[in-house]
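Working notes, beginning with the structure itself.
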Amino acid sequence: MPENILVCTAWPYANGDLHIGHLAGAYLPPDIFARYHRLKGNNVLMVSGSDSHGTPITIRADAEGISPRELFERYHLRFLETFQQIGVSYDLFTHTDTENHYRVAQDIFTACLNNGYLYRKTEQQFFSETEGRFLPDRYIEGTCPHCGYDGARGDQCDNCKKLLEPTDLINPRSKTDGSTPVLRETEHFYLDLPKLSDQILAYLSENKEHWRPQVINFSLQYVKDGLKGRPITRDIDWGIPIPLEGYPEKRLYVWFEAVIGYFSASIEWARNQGRPEQWKDWWYDPAAKTYYFIGKDNIPFHTVIWPAELIATGRRLYEDDPAKQLNLPYDVPANEYLNMEGKKLSTSRNWAIWAPDLLERYDPDPIRFYLTVIAPETRDTDFTFEDFIRRNNDELVAAWGNLVNRVLGFAYKRFDGKVPPIGPAGLDEADRQILAEVEAGFETVGDLLAAVRLKAALEEVMRLTRAANVYLDGKAPWHQIKEDPAAAGTSIYVALRVIDNLKILFAPFLPFTCQKLHEYLGYDGQLFGRQYTQTFTETERTHVALCYDHSQAVGRWEPGRLPEGQPLRKPAPLFKKLEPELAEQEIARLLEA
RNA sequence: GCUGAUGUAGCUCAGUCGGUUAGAGCACGGAACUCAUAAUUCCGGGGUCGGUGGUUCAAGUCCACCCAUCAGCACCA
C-alpha cells in the first residue's frame, strides 16, 4: 500500500539569493528523497515557501526605499527560477504573505491562547522616536560594558563575544540612524514552553532511533536544560496581525508563524487541487511520515518549538473528529554546514557561490551530483571547485557517462539503431549475474534513500555502475562481434538493460540526464512530472507559486523490461568534461567579487 | 564560559552490538584493452584511527581529561 510522505524543507528567508550551502543542506536532499518516493509510488507532498516577514526584510526594504512586499517578492521569484533550473520539485512552493497563511497562523495563535499555553508579560524595550518603532536587540549599538568596544550590538559584543542585554550598553544608539533610543513599556504574548516541556520530552523520548544522533542529542539536551517562555509577538508593522482586539500595532513573531507554513502550505496545496480536505492524508493519518529537511542552526525550531506549537494547538485544527491528532515530525534529518574552499560561507563577506550564478555556467545534474557526494550529512564538509571538476570528470563522466556512451554508441552503430535481441545461446552466468546485481539495487538503494542516507545511496549506485563496466570489459562485445555477432548482441542487450535500470536508480539524483537517457533508449514519456509556476488569487492579494504535476510521470522504481528490437534514438554524451583550468577562473571570480 | 557534535589514507568520506590483517572512491605507480568523452578493467604502494591515560581476553568503537574545528546558548530564524 502506498505510504503518505510529507516532505518539508526550510523556508528560505527572502532577502537574498540562495547559495550552494542552502542547496546542499536543505533543498537538494529533500528533492532526491521526494523523487525516490514518487518513483516508488508513494503519495508525496513536498511543500515550503519564502519566509517573507521579519525585521531584516523591513530594514533592507527601508534601505532600498521600497516596501517589504516588493523586496521579498523579488527574491521569491528568483527562488522559483532557481528551483526550476536545478529541479527542486515542490508540489507547492508558496510564501508566508498569503491570506491563507495569515488565517492559519492566526487560528493556531487563537487555539494556543484558548488552550492556556500563551501568557502576557510587560517589559521595557528600546524605542526609536525618530523611526517610530521598537528596535530589535541586534539593531542597537553602543559601548560594551565589559571591554569598552564601541560597536557592540544589543545582543552580543563582537569584540569580546560576551552576551549582552541592550540595556547593558553604554550610550546605546540605533544602528540604522544613530539616534538615541528610549525605554518604553510594551506587552507581549509568550508561548509557555515550560508548561509544554513534559509533553515535548515525551515526544522526543519515544521512537527516535531513526533520528540522526546529533539531532536527537541536541534536542533532548535543549529541553533538559530547561525551557523558558518565548515571546511570540513583536512591535513591528510588517507581518501577521494578532487576531485580538487591542493590539493593532503588534504582529506575530516570525519564528512562531514561519514553521506554521508547513501546515498552511499543505492546506493551500489541497485547495489548489480542488480537494480541500486532502491535506489530512499527511497531517492526520497516523501512518503518514513527515520529514523536515533543515540546516543544523534550525534544529530546535523543528524538534522542540514546532512540536510545542502543535501540542499547544491541541494537535487538532479544522477537524471535528476528537480521535484524530495532528502528526508531530517523524524525522528531522538536519544537515551540518557546507564550507567553501575551506572557509565558512558568508553573505556579508560575499564568500558564497550563488545558485543563480552557478546555474548560468554549469548544468544542473553535475551540480546535484557533486553537492550530494559532499552533502554535510554528519559533519561540516567543503566545496572546492577543484574537487567539483575532478569528481565531474573522474567519477560522473568517467564511470557513468562513459558507460552510457560506450553502450549506446556501440548499439546504435553496430545493431542498426535498435536494441539487439538475445542470441540463440541465451543468457549465461555473467549475464544473469550482472542483471540480478543491478536489479537488487532497487532494494538496497531504495532502503538507503528511505533512511535518508543519500550519500550512501548514491555511492551504491556508483558501485553498480562500476560493476557494469567490469561486466562489459569481461564480455568485450567489440571482440565478440567479429567472431559471434549474436553473442555480441546478447552482451549489448544485457548492458542496455543494465543502464536502463541504472537510469531509474540514478533518477532521483540526476533527473535531467536520466530523462535524456530514457529517450535515447527509445522510450517516450517523462520519468517525472512537470514543474510550473502559477499565479493564485485570493480575496485581496495574488501570489506566484511553484507547482508540480506528477500525473503524467512514467518512471517506476522497479526493474525495466527493455523490449528487444526497440528503436533507439541517436545518442549524445550525457555530460561534459570540465577543463581543470576552470577551478582557477572560478576562484579568481570569487576573489574579485 | 556552558551544552552538543565532529576529528580515520595525499583528497573526499564509510566504519552496525567492542571481535580476524582498518575500508571505498578519487589521486599516484605498474599492466591489459581499444567499443567509449585518453574513458574502461586488473594488480599494487599508501593509515600510531587528533593526543594522553583508563576499562577489557580484545578499543577506531566504551570511560576520563586535553587539543583542534563547528554549531547552539533563547530579540537572526
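As a basis for the values below, the full set of heavy atoms in this structure was taken, side chains included, without hydrogen atoms, waters or symmetry mates. Only a predicted model underlies this, so the values are computations on that prediction, with no experimental measurement involved. Proteins get letters first, then strands, A, B, ... in listed order; numbering begins at 1 in each.
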ask   = NA contact type, A:Arg453, heavy-atom cut-off 4.0 Å: base, sugar-phosphate, or nothing?
value = sugar-phosphate

ask   = Expressed in angstrom and rounded to an integer, what is the separation of A:Tyr262 atom OH from B:A77 atom P?
value = 14 Å

ask   = Can you tell me how far C1' of B:A77 sits from CD1 of A:Ile294, to the nearest Å?
value = 11 Å

ask   = Is B:A38 paired to anything, Watson-Crick or G-U wobble with both distances less than 3.5 Å, and if yes, which nucleotide?
value = none

query = Is it true that A:Tyr117 and A:Tyr119 have ring centroids separated by less than 6.0 Å?
reply = no

task = Return the value, rounded to whole Å, for the distance between atom CG of A:Leu227 and atom C1' of B:C73.
result = 13 Å

remark   = The Watson-Crick or G-U wobble partner of B:C70, with both key distances under 3.5 Å, is B:G4

query = Touch check for A:Tyr337, heavy atoms < 4.0 angstrom, all strands: base, sugar-phosphate only, or nothing?
reply = sugar-phosphate

request  = Considering only atom P, compute the distance from B:G60 to B:U55 and round it to an integer number of Å.
outcome  = 16 Å

ask   = Checking side chain to side chain donor-acceptor pair (under 3.5 Å) for the pair A:Tyr292/A:Trp306: CA distance, chi angles, key distance, verdict?
value = CA-CA 11 Å; A:Tyr292 295 76; A:Trp306 176 229; 3.1 Å; yes

request  = Provide the distance between the two C1' atoms, one in B:C26 and one in B:A14, to the nearest whole Å.
outcome  = 15 Å

message = So, applying side chain to side chain contact (heavy atoms under 4.5 Å, CB included) with A:Asp331, which one of A:Lys208, A:Arg212, A:His210 is it?
response = A:His210

ask   = Under the 3.5 angstrom rule, does the side chain of A:Asp363 hit a backbone N or O of A:Asp365 as a donor-acceptor pair?
value = no

request  = Give A:Gln480 one of three labels, base, sugar-phosphate or nothing, depending on what nucleic acid heavy atoms sit under 4.0 Å from its own.
outcome  = nothing

message = Rounded to whole Å, how long is the line connecting atom CG of A:Asn298 with atom P of B:G4?
response = 21 Å

remark   = Which of B:A74, B:C13, B:A5 is nearest the side chain of A:Arg230? It is B:A74

5' precedence on RNA chain B between A:Glu336 and A:Asp382 (nearest-nucleotide basis) = A:Glu336

request  = For the pair A:Arg463 and A:Glu459, find out whether any cationic side-chain nitrogen is under 4.0 Å from an anionic carboxylate oxygen.
outcome  = no

task = Quick one: label A:Arg391 by what it contacts on the DNA or RNA (base, sugar-phosphate, nothing), any heavy atom closer than 4.0 Å.
result = base

query = Just how far, in rounded Å, is C1' of B:A77 from NE2 of A:His22?
reply = 11 Å

Reading 5' to 3' through nucleotides 35-42 of chain B, protein heavy-atom contacts under 4.0 Å coded B for base, S for sugar-phosphate only, - for none = BBB-SBSS

task = Assign A:Gly226 to base, sugar-phosphate, or nothing according to its heavy-atom contacts below 4.0 angstrom with the strands shown.
result = base

key: Per A:His479 side chain, nearest of listed nucleotides B:C13, B:C33, B:A77   = B:C33

inquiry  = Mind checking if A:Thr378 touches a base, just sugar-phosphate, or nothing, with heavy atoms under 4.0 Å?
reply    = sugar-phosphate

query = A:Phe383 and A:Tyr370: ring-ring contact (aromatic ring centres under 6.0 Å, His included), yes or no, with the steps?
reply = CA-CA 9 Å; A:Phe383 178 109; A:Tyr370 182 56; 5.2 Å; yes

